[in-house]
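Working notes, beginning with the structure itself.
Residue numbering restarts at 1 for every chain, and letters A, B, ... go by the order of the sequence lines.
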Amino acid sequence: MLVKQKIRFCLRDAVATAQGKGDLPPVELPEIVIEHPQDAIHGDFACGLPLKLARSMSLPPMNIAHEIAKYLSLPAEIARFAIAKPGFINFTVQNTWLWNQVETILSEGESYGNLDLGKGMRIQVEFVSANPTGPLHVGHGRGAVLGSTLANVLSAAGYQVKTEYYLNDIGTQIDNFRQSLYARYLQSQGKNVALPEEGYMGDYMIALAEDICQEYGDKLLNMPEEKALLEIGQIGLEKILENIKEDLELLGVDFDVWFSEKTLYQEGQYNEAMAMLRNKSCVVEKENAVWIETSTLGEDKDNVLVRGDGSPTYFASDIAYHYDKFARRGFQRVIDIWGADHQGHVPRVKTAMAALGIDPAQLEVITYQLVTLRRGGEIVRLSKRSGDIVTLRELLEEVERDACRFIFLSRSADSQMDFDVELAKRKSADNPVYYVQYAHARIASILRLAEQKNIQYNQGDVSLLTSDPEMTLIRSLVLLPETVEIAATALQPHYLTYYAQDMATVFHSFYKQCRVISNDRALTQSRLKLVEATKIVLSKTLHLMGMSAPEEM
RNA sequence: GCGCCUGUAGCUCAACAGGAUAGAGCAACGGCCUUCUAAGCCGUAGGCUGUGGGUUCGAGUCCCACCAGGCACACCA
């Protein structure tokens, strides 16, 4: 159990005791929030509970604090507490506990920081899921980094995580893609044909068509259009999917499952979900189409499930898909990561889940704001169909993977993001990620030197670590578990980037002030333990973020 | 027009479900390498947290109104 939690309990018990003895009025307790004071002078943990209780108890906060204090029985990790105006109770941890944590980190290695929050619960994280009709663009990169990091974090927090990419391999856009590609192919073969009105206009389609010409020649010319369309569509899809997979690999992202939309129609999920909706009588036929009456379920309007031409909409597929996640595969929680342009879709899907008898709270959708791309001062507009896009590949050819991940990760999903390609390229060398990795490499270098000098330190005495830089460093190390906790609970992996930077700052400062390998044999051994623990924590944090922890730079 | 997100230092962003003096990086300025990596350290400067009300012992954070930007409101996905 985290120390934070133990403090929470000891406060709760103290209030209950005080209330039992009649020293405090019997009011209901609010949630007890334990935080880290900004100023170290106030100790390691702080709680403003007396302030929160002042109103309901009609007593001055300082009086409440003193009453609580009378009955506090401190957990072993805490050395002392203090009451501070206007009504805080501050706690300071035992040095022995901090020293023990260094040993704990050394013995646990990179499993340090892992938690049992999820208790093995099965959770799915679905992300990217871009249509295989064109290359990934920069925005998809953001979703990919967000999703893969979140999956790592949840896994560390004790969930059984599966990652998934939903492949839209059927439907209107795929038909459109086929026709666009076929037109480009015919053009490559010297035919004078026009592209479909709303077709995919990007130059990559020309390159793709030429690529197919190289490989297949005029083979597709000599077959009926119907057949050629299907054939070329399949070939094109596979090639683009291959590209998408390469892009994701460059970004260090992979998936446990690639889920094909088409299979929803082949394996019955679609029919089952639709039948269930009909049974709940929230499906009607009107205006020559099949609708779900979402308006009677709390939405603004009804939505079409099956078009006039008999083909299901994306929404219908999505209902079947999520039905599959919960009803067939039994995930207890599902996290979807979508671009903000799908924002409006969230309540509809949740409403449909409720109609299927699935608790909508089991589905959590994280929408990330769109990436605005700049080249210098100029804004680049993104549109796959018009083709004027900056691809993820283009970005990755210019900006290194770890740097790219760090930039995407260091903004909260809610905030719109400016990604200046020029800047990212130019500044790649002083991106914060290198600052963090440099700290790791520096430690590796110290440990190499210790090895060269044949210094054994497993008998090192960590209680020799008493100076400010040393204790500050240990205090930073022990924040890893709660950083994982908050990132996993809030589903906000950007906390990791800030923790990583803090860790590096504290280490670099320690490094400047404390020589590790010195003539003081005993101190050398204890400091070697400390820096090795630091290396573990840095490495773990970098790995959670999907970045490398280099031994040298 | 309805809804969602955002507005914090010159720029890019944080602020741990309301807390103590709002923090980093970059850019600017001034110092620090005969010792384990200077991709580093130490310091200076930079703010009416978009505006106006409200709730609270306490508001960047919650509520209302307004201003500005983004997204979305399809028988596209």
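- A:Phe88 qualifies as a stacking partner of the B:A20 base, centre to centre under 5.5 Å and near-parallel within 30°.
- The residue A:Ala46 sits close to a base: some heavy atom pair falls under 4.0 Å.
- Comparing the C1' positions of B:A27 and B:A65 gives an interatomic distance of 38 Å, to the nearest angstrom.
- A side-chain N or O of A:Asp402 and one of A:Ser548 form a donor-acceptor pair less than 3.5 Å apart.
- In this structure, the CH2 atom of A:Trp338 is 13 Å from the P atom of B:C73, given to the nearest Å.
- Within 4.0 Å of A:Glu299, counting heavy atoms only, lies no atom of the nucleic acid at all.
- Under the 90° criterion around 0 for the glycosidic angle, B:A17 counts as syn.
- Among the atoms of the strands shown, only primed sugar atoms or phosphate atoms (P, OP1, OP2) are found under 4.0 Å from some heavy atom of A:His508.
- A:Ser415 has a side-chain polar atom (N or O) that falls below the 4.0 Å cut-off from OP1 or OP2 of B:A14.
- For the P atom pair drawn from B:U51 and B:C11, the interatomic distance equals 15 Å after rounding to whole Å.
- Whole-Å rounding puts the A:Met62 CE to B:C57 P distance at 18 Å.
- Residue-level contact check: A:Ala54 touches neither bases nor backbone, having no heavy atom under 4.0 Å from any strand.
- Taking 4.5 Å as the limit, every side-chain heavy atom of A:Met545 sits out of range of all side-chain heavy atoms of A:Arg405.
- One interatomic measurement links the two molecules: OH of A:Tyr438 to P of B:C36, which rounds to 11 Å at whole-angstrom precision.
- Between the side chains of A:Asp336 and A:His342, no donor-acceptor pair of N or O atoms lies under 3.5 Å.
- Residue order along RNA chain B, read from the 5' end via each residue's closest nucleotide, puts A:Lys4 first among A:Lys4 and A:Val516.
- Applying the 3.5 Å distance criterion, the base of B:A77 shares no donor-acceptor pair with the side chain of A:Asn176.
- Checking A:Ser311 against A:Asp309 by side-chain atom types alone, a donor-acceptor pair falls below 3.5 Å.
- As a whole-Å value, the separation of A:Asp414 CG from B:C71 C1' is 13 Å.
- Relative to the side chain of A:Leu370, the nucleotides B:C71, B:G19, B:C36 differ in distance, and B:C71 lies closest.
- In this structure, A:Tyr435 reaches the sugar-phosphate backbone alone: every heavy-atom distance under 4.0 Å involves primed, P, OP1 or OP2 atoms, never a base.
- Across the P atoms, B:A20 and B:A59 are found 11 Å apart, a figure rounded to whole Å.
- A salt bridge between A:Glu470 and A:Arg527 is present, with a side-chain N of the basic residue lying under 4.0 Å from a carboxylate O of the acidic one.
- Rounded to an integer number of Å, the gap from A:Gln343 CD to B:A74 P is 15 Å.
- Between A:Ser317 and A:Glu261, the side chains place a donor N or O and an acceptor N or O closer than 3.5 Å (distance only, hydrogens not considered).
- In this structure, A:Lys350 does not pair ionically with A:Glu299, as no charged nitrogen and carboxylate oxygen lie closer than 4.0 Å.
- In this structure, A:Ile517 reaches the bases: a heavy-atom distance under 4.0 Å links it to at least one base atom across the strands shown.
- Using a 4.0 Å heavy-atom distance criterion, A:Tyr511 is classed as a base contact.
- A glycosidic torsion no more than 90° from 0 defines the syn conformation; B:C73 lies beyond that range and is anti.
- If you measure from atom CG of A:Asn90 to atom C1' of B:G19, you get 11 Å, rounded to the nearest angstrom.
- Taking the six-membered ring for Trp and thresholds of 30 and 60 degrees, A:His494 and A:Tyr498 have ring planes more than 60 degrees apart, a perpendicular arrangement.
- With C1' as the reference atom, B:U35 and B:G40 are 15 Å apart, rounded to whole Å.
- Among the heavy atoms of the strands lying under 4.0 Å from A:Glu552 is at least one base atom, whether or not backbone atoms are also near.
- Between B:G50 and B:G70, the distance separating the two C1' atoms is 16 Å to the nearest Å.
- One donor-acceptor pair, N or O on each side, does fall under 3.5 Å between the base of B:A77 and the side chain of A:His342.
- Across all strands shown, A:Thr367 has no heavy atoms under 4.0 Å from either base or sugar-phosphate atoms.
- Looking at heavy-atom distances under 4.0 Å, A:Asp418 makes contact with sugar-phosphate atoms alone, never a base.
- Between A:Thr367 and A:Gln343, the side chains place a donor N or O and an acceptor N or O closer than 3.5 Å (distance only, hydrogens not considered).
- By the 5.5 angstrom centroid cut-off and the 30-degree plane limit, A:His494 is classified as not stacked against the base of B:A14.
- Across all strands shown, A:Leu51 has heavy atoms under 4.0 Å from base atoms, whether or not it also approaches the sugar-phosphate.
- Nucleic acid contact class of A:Gln38 (heavy atoms, under 4.0 Å, all strands): sugar-phosphate only.
- In this structure, A:Ile486 atom CD1 and B:C16 atom P are separated by 7 Å, rounded to whole Å.
- Contact annotation for A:Glu287: base contact, defined as any heavy-atom pair under 4.0 Å involving a base atom.
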Writing each nucleotide of RNA chain B 5' to 3' as (, ), [, ], | or . by Watson-Crick or G-U pairing under 3.5 Å yields (.(((((..((((.....[...)))).(((((.......))))).....(((((..]....)))))))))).)....
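- The base of B:G19 sits with one of its N or O atoms less than 3.5 Å from a complementary donor or acceptor on the side chain of A:Lys52.
- A:Tyr200 and A:Phe177 have perpendicular rings, their planes meeting at more than 60° on a 0 to 90° scale where under 30° would count as parallel.
- Residue contacts shown for A:Arg527 are absent, as no nucleic acid heavy atom lies under 4.0 Å away.
- Ion pair A:Lys325/A:Glu126 flagged as a salt bridge, since at least one NZ, NE, NH1 or NH2 atom sits closer than 4.0 Å to an Asp/Glu carboxylate oxygen.
- When the C1' atom is used for both B:A22 and B:G58, the distance is 15 Å, rounded to whole Å.
- One interatomic measurement links the two molecules: CG of A:Asp402 to P of B:A39, which rounds to 18 Å at whole-angstrom precision.
- When the nucleotides B:A24, B:A38, B:U21 are ranked by their closest atom to the side chain of A:Arg442, B:A38 comes out on top.
- A residue-by-residue look at A:Val304 and A:Asp341 shows that A:Asp341 has its nearest nucleotide of RNA chain B further toward the 5' end.
- A distance of about 12 Å separates the C1' atoms of B:C16 and B:U61, rounded to the whole Å.
- B:A45 and B:G10: their C1' atoms are spaced 12 Å apart (whole Å).
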